[in-house]
Amino acid sequence: MRIYRSVYERIKSTLGRKFHEEGGILLTNDGGYTVTDFVYDDRGSRSGGTYSPNTAFINEHIRLHNKSGAYFLGFIHSHPRGYTGLSMGVSGHTGGYTASDEEAIYKLFRGMKGTRRLYFPVVQSAAGGGEFSVRAFKAERQRDGSVRISED
């Protein structure tokens, strides 16, 4: 995953300074090769162990950025100290509740039929004396229609 330095610095100054379970969206204006923008989701829901995006807020920003030629490239969010990977497991929950990052990714791909690749970085915040870091993951639609999640 390539990212503009200015975007990385914005992520570091928002998600990197707050406690875990914060997030936002990544956008691209170069065909999906580089993260060229980030929108912090200050309206999402948070608990001690979950972040749920405010879909109305996110969708509005995606629409606004689409008008200027930028497109959705994925979600970035922070995890508690020491949890640097995506949460895995598909629970089969229905309704609006999603139990893990993996389940959310599969759900997102089901709704975005033409999407081939998205990114899902996990941030470790510097809040509380930790050190800021980002670990990048990608999800790619395979030829058979399945979605493969891997570190990037």
Side-chain angles (χ1 to χ4, degrees), residues 1-4 7-28 32 35-66 70-142 145-152:
M1 182 181 86
R2 294 179 5 186
I3 185 168
Y4 282 6
V7 174
Y8 177 85
E9 293 300 330
R10 270 203 335 269
I11 291 167
K12 188 174 181 180
S13 70
T14 53
L15 301 182
R17 292 193 176 158
K18 298 182 177 289
F19 283 95
H20 56 274
E21 303 306 343
E22 301 275 341
I25 57 170
L26 304 172
L27 299 147
T28 183
V35 177
T36 59
D37 207 349
F38 160 72
V39 175
Y40 172 59
D41 180 13
D42 61 353
R43 298 178 186 174
S45 341
R46 297 153 183 85
S47 72
T50 63
Y51 155 68
S52 297
N54 180 309
T55 54
F57 175 79
I58 294 297
N59 287 335
E60 179 60 24
H61 277 277
I62 290 171
R63 276 190 293 279
L64 287 172
H65 282 81
N66 284 172
Y71 297 92
F72 177 74
L73 193 57
F75 277 100
I76 184 168
H77 69 292
S78 58
H79 276 186
R81 178 99 358 249
Y83 293 93
T84 62
L86 295 170
S87 59
M88 302 304 272
V90 179
S91 68
H93 281 102
T94 57
Y97 176 71
T98 303
S100 70
D101 296 331
E102 179 185 32
E103 188 173 355
I105 290 167
Y106 291 150
K107 188 176 182 180
L108 190 59
F109 268 83
R110 278 193 303 273
M112 298 178 72
K113 300 288 185 202
T115 300
R116 188 171 118 46
R117 178 188 306 123
L118 294 173
Y119 292 97
F120 300 92
V122 174
V123 169
Q124 293 284 279
S125 171
E131 197 170 308
F132 174 77
S133 69
V134 179
R135 187 173 171 198
F137 296 89
K138 67 182 174 186
E140 294 181 293
R141 190 178 311 274
Q142 304 300 296
S146 65
V147 174
R148 180 174 170 258
I149 301 169
S150 61
E151 191 162 2
D152 188 51

Nearest 0.5 Å, please: how far is [atom2] in [Y] from [atom1] in [X]?
{"X": "Phe38", "Y": "Leu73", "atom1": "CZ", "atom2": "CG", "value": "13.5 Å"}
{"X": "Phe109", "Y": "Ile149", "atom1": "CZ", "atom2": "CD1", "value": "8.0 Å"}
{"X": "His20", "Y": "Ser47", "atom1": "NE2", "atom2": "OG", "value": "8.0 Å"}
{"X": "Leu118", "Y": "Arg141", "atom1": "CG", "atom2": "CZ", "value": "8.5 Å"}
{"X": "Glu21", "Y": "Ser45", "atom1": "CD", "atom2": "OG", "value": "11.5 Å"}
{"X": "Ile76", "Y": "Leu15", "atom1": "CD1", "atom2": "CG", "value": "5.5 Å"}

Check: [Y] and [X] side chains under 4.5 Å, non-hydrogen atoms:
{"X": "Asp101", "Y": "His79", "result": "yes"}
{"X": "Ile11", "Y": "Ile3", "result": "yes"}
{"X": "Ile105", "Y": "Leu86", "result": "yes"}
{"X": "Val35", "Y": "Pro121", "result": "no"}
{"X": "Arg135", "Y": "Ser133", "result": "no"}
{"X": "Asn66", "Y": "Tyr71", "result": "yes"}
{"X": "Ile25", "Y": "Asp41", "result": "no"}

Write down the atom of [X], the atom of [Y], and the distance for their closest heavy-atom approach.
{"X": "Tyr51", "Y": "His77", "value": "CD2-CB, 3.8 Å"}
{"X": "Ala127", "Y": "Lys18", "value": "CB-O, 3.5 Å"}
{"X": "Ala139", "Y": "Val147", "value": "CB-CG1, 3.9 Å"}
{"X": "Val134", "Y": "Val123", "value": "CG2-CG2, 4.1 Å"}
{"X": "Gln142", "Y": "Glu140", "value": "NE2-O, 3.1 Å"}

Do other residues, nucleotides or ligands put more than 12 heavy atoms under 6.0 Å from [X] [atom1]?
{"X": "Phe19", "atom1": "CZ", "answer": "no"}
{"X": "Tyr8", "atom1": "OH", "answer": "yes"}
{"X": "Arg63", "atom1": "CZ", "answer": "yes"}

[X] side chain to [Y] main-chain N or O, any donor-acceptor pair under 3.5 Å?
{"X": "Ser78", "Y": "Glu22", "result": "yes"}
{"X": "Arg117", "Y": "Lys138", "result": "no"}
{"X": "Arg46", "Y": "Gly44", "result": "yes"}
{"X": "Arg43", "Y": "Phe57", "result": "no"}

Just say parallel, tilted or perpendicular for the rings of Phe75 and Phe120, cut-offs at 30° and 60°. parallel
